[in-house]
Peer 1: 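Got a structure here, written out as structure tokens. Questions coming.
Counting begins at 1 with the first residue of the sequence.
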Amino acid sequence: QVQLVESGGGLVQAGGSLRLSCAASGRTFSIYLGSMGWFRQAPGKEREFAAAISWSGDSTTYADSVKGRFTISRDNAKNTVDLQMNSLKPEDTADYYCAARAPGALSQYKYWGQGTQVTVSS
């Protein structure tokens, strides 16, 4: 199994910044060459995609709602993936989850962290 542990959540005022980090451990060979992503779930809403990054880091994808404000990065030597969140808005308030998947175009996100809470006050 692969364990993912998020950190870095908290309370911040609108316009502020937070940096989330996710550390992978365990059978990390299962996600070798695979992409990793961040998802979020706001109160009363379904989980939604926020950002993803390829194994090499050359390819990143963002939801329109966070594009230009969030930056995803990874360090394969440390088995970590980070999400730098700038210009935060109250609507960014959510539980943020790290996810990982095996390589392959049809691979689904199989491994999930427990989540870290982000609250943006107005």
Peer 1: Go through the structure and list residues passing ring-ring contact (aromatic ring centres under 6.0 Å, His included) with Y109, not counting sequence neighbours.
Peer 2: F39
Peer 1: Are there over 12 heavy-atom neighbours, none belonging to E48, within less than 6.0 Å of that residue's CD?
Peer 2: yes
Peer 1: Less than 4.5 Å apart, any side-chain heavy atom of V66 and any of R40?
Peer 2: yes
Peer 1: So which atom in S54 and which in S35 form the shortest heavy-atom distance, rounded to 0.1 Å?
Peer 2: CA-CB, 4.0 Å
Peer 1: Does L18 reach the side chain of L88, with side-chain heavy atoms less than 4.5 Å apart?
Peer 2: yes
Peer 1: Sort and list the pairs that fulfil disulfide bond (SG atoms under 2.5 Å apart) and have at least one residue in residues 83-122, not counting sequence neighbours.
Peer 2: C22-C98
Peer 1: In Å, rounded to the nearest 0.5 Å, how long is the span from CD of Q84 to CD1 of I72?
Peer 2: 12.0 Å
Peer 1: CG of L106 to CZ of R101: how many Å apart, nearest 0.5 Å?
Peer 2: 9.5 Å
Peer 1: Rounded to the nearest 0.5 Å, what separation is found between the NZ atom of K89 and the OG atom of S122?
Peer 2: 14.0 Å
Peer 1: Tell me whether K67 is salt-bridged to D64, with the criterion being a basic N under 4.0 Å from an acidic carboxylate O.
Peer 2: yes
Peer 1: Taking the six-membered ring of Y97, is the NZ or CZ of R47 close enough (under 6.0 Å from the centre) and on axis enough (within 45°)?
Peer 2: yes
Peer 1: Given side chain to side chain contact (heavy atoms under 4.5 Å, CB included), test Y62 with T71 step by step and report yes or no.
Peer 2: CA-CA 8 Å; Y62 297 94; T71 302; 3.9 Å; yes
Peer 1: Can you name the nearest heavy-atom pair linking V118 to L20, along with the distance?
Peer 2: CG2-CD2, 4.0 Å
Peer 1: Determine the minimum heavy-atom distance between T93 and A42, stating which atoms define it.
Peer 2: O-CB, 3.6 Å
Peer 1: Enumerate the disulfide bond (SG atoms under 2.5 Å apart) contacts for residues 46-94, please, sequence neighbours excluded, ordered by first and then second residue.
Peer 2: none
Peer 1: Going by the angle between their ring planes, with limits at 30° and 60°, are F70 and Y96 parallel, tilted or perpendicular?
Peer 2: tilted
Peer 1: Has T116 got a side-chain atom pairing as donor or acceptor with G9's backbone, closer than 3.5 angstrom?
Peer 2: yes
Peer 1: Kindly compute the distance separating CG (L4) from OH (Y111), expressed to the nearest 0.5 Å.
Peer 2: 9.5 Å
Peer 1: Got a second to check how far S59's OG is from I53's CD1, nearest 0.5 Å?
Peer 2: 8.5 Å
Peer 1: Under a 3.5 Å cutoff, is there a donor and acceptor pairing between the side chains of D75 and T80?
Peer 2: no
Peer 1: Is there side-chain contact between M85 and S17, with at least one heavy-atom pair below 4.5 Å?
Peer 2: no
Peer 1: In sequence, state the C-alpha distance, the side-chain angles, and the governing distance for D82 and R19, and then conclude on salt bridge (Lys or Arg N to Asp or Glu O under 4.0 Å).
Peer 2: CA-CA 7 Å; D82 291 350; R19 188 176 184 89; 3.2 Å; yes
Peer 1: Give a yes or no on whether the ring-centroid distance for F49 and W38 is below 6.0 angstrom.
Peer 2: no
Peer 1: Which atom names give the shortest non-hydrogen contact between D92 and S87, and what distance separates them?
Peer 2: OD2-O, 4.4 Å
Peer 1: I'd like to know if the side chain of E6 and the backbone of Q114 have a donor-acceptor N/O pair within less than 3.5 Å.
Peer 2: yes
Peer 1: Rounded to the nearest 0.5 Å, what's the gap from CG on D95 to CD on Q41? Could you check?
Peer 2: 7.0 Å
Peer 1: Evaluate the side-chain proximity of M36 to R74: yes if any heavy-atom separation is below 4.5 Å, no if none is.
Peer 2: yes
